[in-house]
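Below, read A as the first sequence line, B as the second, and so on, with proteins coming before strands; counting in each chain starts at 1.
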Protein chains: 2
Amino acid sequence: MDRQVQQINSYLVSIFNDVLAIEERTLQSSQFKDVSIKEMHTIDAIGMYEPNTTSEVAKKLGVTVGTLTVSVNNLVRKGYVIRVRSDVDRRVVKLSLTKKGRLLYRLHDKFHRDMVKETITEMNEEESAVLMKGLISLHGFLERTKERLPD
Amino acid sequence: MDRQVQQINSYLVSIFNDVLAIEERTLQSSQFKDVSIKEMHTIDAIGMYEPNTTSEVAKKLGVTVGTLTVSVNNLVRKGYVIRVRSDVDRRVVKLSLTKKGRLLYRLHDKFHRDMVKETITEMNEEESAVLMKGLISLHGFLERTKERLPD
DNA sequence: TTAATTGCTTTGATTATCAAACTATTTGAC
DNA sequence: GTCAAATAGTTTGATAATCAAAGCAATTAA
């Protein structure tokens, strides 16, 4: 079992690193060279659909609102994001994507979908269900672990 | 299928974020508060066993040698890493861990092993084999994708 | 023996990050 | 209704992470 644990672990680490490296290089060789991988994830967290507030996006990304404000300043300057003050509560800022931002969002989303698709097309129904089960189990463990930790 | 792709994808993203967040918080509430998560991964890449050169570790981490030099400067100052010039080729620097560095390495390694162990103990032999197969497949796709990309 | 190459370090610039101080707005207590 | 407290976001100052490019020292090749 220890051998298997070791092996699963190193696959996970390697997958993790590969995904980041590929995302980074894909961006750098696209028309969106001015976007870093962190900025890409910020764009992803802002999302295409209902506008999110600064606080909501910061929480989703696990950074402080100050950090997000700085990052959004850059993304606004580069033309990917727009800020709109809420009319209901003038303290609140709603973030959403520009046309260019939405284009990049879809590009990134497609990479993720292709990645998973290519993986599960090599599997039958039953196997992909087991993969899902494994991921759910891993996810459950991590959520429980997070609970137990101090903030 | 698209529903499933979406779901697997969001589990993967969530797992990645959780692992990072947990590693970060575990470090901050341990005796190793002066080590960031990036530094932790550098320590992990240097490893416990044969000493690695600066170039080798930089490649493993996917950063430039310049970046690694800076990071190693800090880790040496904090007492986790030692630099030894090779006697065979005086240009080469071998990196290895101090006693404190090895202690931290083992702590981090244990977190990773526990994470995987807890996941696969909920599965039978066959299921964990399928999980492994899924990971191998995903890994294969990523390696092929990396090949196709420009550097 | 010099020129080119290699391995690493340093430097300057940019981004990412946090905590803390700050501003503007809303809510709550009276 | 007014003022204090709370809330949402921004700014600032400090530090880490990162790269590309320039620089240095050692090795290899011509």
Side-chain angles (χ1 to χ4, degrees), chain A residues 17 20-21 23-25 27-29 32-46 51-78 80-96 151, chain B residues 17 20-21 23-25 27-29 32-46 51-78 80-96 151:
Chain A
N17 291 335
L20 280 182
E23 286 185 337
E24 183 79 62
R25 271 198 268 163
L27 276 175
Q28 291 314 306
S29 56
F32 304 106
K33 291 191 210 318
D34 61 347
V35 177
S36 75
I37 186 69
K38 299 268 181 175
E39 287 175 325
M40 182 64 250
H41 290 144
T42 302
I43 287 171
D44 190 67
I46 290 171
N52 290 287
T53 69
T54 300
S55 305
E56 286 164 355
V57 174
K59 189 174 177 192
K60 212 192 262 187
L61 289 170
V63 300
T64 63
V65 270
T67 297
L68 188 63
T69 294
V70 173
S71 172
V72 168
N73 288 345
N74 292 325
L75 289 171
V76 168
R77 185 173 41 77
K78 293 176 185 172
Y80 293 96
V81 172
I82 43 176
R83 276 195 175 97
V84 181
R85 284 265 163 201
S86 159
D87 277 337
V88 184
D89 182 338
R90 308 269 315 129
R91 290 169 306 178
V92 170
V93 170
K94 300 277 194 173
L95 299 174
S96 48
D151 287 312
Chain B
N17 291 336
L20 279 183
E23 286 185 336
E24 183 79 64
R25 273 198 265 162
L27 276 174
Q28 290 315 306
S29 56
F32 303 107
K33 292 192 208 320
D34 60 346
V35 178
S36 74
I37 186 68
K38 299 270 180 173
E39 288 176 325
M40 181 66 248
H41 290 145
T42 303
I43 287 171
D44 191 66
I46 290 172
N52 290 286
T53 69
T54 299
S55 306
E56 286 164 354
V57 174
K59 188 172 179 196
K60 213 191 264 188
L61 290 169
V63 298
T64 64
V65 271
T67 298
L68 189 63
T69 295
V70 173
S71 171
V72 168
N73 287 346
N74 292 326
L75 288 171
V76 168
R77 185 171 43 75
K78 293 177 187 172
Y80 293 96
V81 171
I82 44 177
R83 274 195 174 95
V84 181
R85 285 261 161 204
S86 160
D87 278 339
V88 185
D89 182 339
R90 307 273 311 133
R91 291 169 305 179
V92 171
V93 169
K94 300 277 193 172
L95 300 174
S96 48
D151 288 314

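Set against dA17(D), dG9(D), dT25(C), the side chain of K38(B) has dA17(D) as its closest nucleotide. When the nucleotides dA26(D), dT15(C), dC8(C) are ranked by their closest atom to the side chain of D89(B), dA26(D) comes out on top. For T69(A), whose side chain is taken as the heavy atoms from C-beta onward, the closest listed nucleotide among dT10(D), dA17(D), dT9(C) is dT10(D). Residue R90(A) places its side chain closer to dT26(C) than to any other of dT18(D), dG7(C), dT26(C). Distances from the side chain of S55(B) to the nucleotides dC8(C), dC18(C), dA17(D) place dC8(C) closest. Listed nucleotides: dT10(D), dC18(C), dC19(D). Nearest to the side chain of T67(B): dC19(D). Out of dT26(C), dT9(C), dA17(D), the shortest distance to the side chain of E39(B) is found at dA17(D). Of the candidates dG7(C), dA19(C), dG9(D), the closest approach to any side-chain atom of V92(B) belongs to dG7(C).
As a whole-Å value, the separation of L61(B) CG from dT18(D) P is 8 Å. With rounding to whole Å, Q28(A) atom CD is found 12 Å from dT15(C) atom P. Going from atom CZ of R83(A) over to atom P of dA8(D) covers 16 Å, rounded to whole Å. Rounded to whole angstrom, the span from the NZ atom of K33(B) across to the P atom of dC18(C) amounts to 17 Å. Rounded to an integer number of Å, the gap from CG of N74(A) to P of dA13(C) is 17 Å. Nucleotide dA16(C) holds its C1' atom 14 Å from the NE2 atom of H41(A), rounded to whole Å. Across the protein-nucleic acid pair, D34(B) atom CG and dA17(D) atom C1' stand 17 Å apart, rounded to whole Å. One atom, CD of E24(B), and another, P of dT17(C), lie 10 Å apart when rounded to the nearest Å.
Both V70(B) and K78(A) lie near DNA chain C, and the one whose nearest nucleotide falls closer to the 5' end is V70(B). Both V65(A) and D87(A) lie near DNA chain C, and the one whose nearest nucleotide falls closer to the 5' end is V65(A).
Look at R85(B) and you won't find any side-chain N or O under 4.0 angstrom from OP1 or OP2 of dA25(D). Under 4.0 angstrom from either OP1 or OP2 of dC18(C) there lies at least one side-chain N or O belonging to T64(A). Phosphate contact (OP1/OP2 of dT10(C), side-chain N/O of N73(B), threshold under 4.0 Å): present. Within the 4.0 Å cut-off from OP1 or OP2 of dA16(C), at least one side-chain nitrogen or oxygen of S36(A) is found.
For the residue pair P51(B) and K94(B), the shortest heavy atom distance occurs at CB-CB, 4.0 Å.
For R91(B) and dT27(D), a side-chain-to-base donor-acceptor distance below 3.5 Å is absent, hydrogens and geometry of angles not being considered.
Looking at heavy-atom distances under 4.0 Å, S71(B) makes no contact with the nucleic acid at all.
In this structure a side-chain-to-backbone donor-acceptor pair under 3.5 Å is present from T69(B) to V65(B). No side-chain donor-acceptor contact under 3.5 Å links Q28(B) to the backbone of R25(B). A donor-acceptor contact shorter than 3.5 Å is absent between the side chain of N52(B) and the backbone of V57(B).
If you check the side chains of D34(B) and Y80(B), you find a donor sitting under 3.5 Å from an acceptor.
Counting non-hydrogen atoms of other residues, nucleotides and ligands closer than 6.0 Å to NZ of K59(B) gives a total of 12 or fewer.
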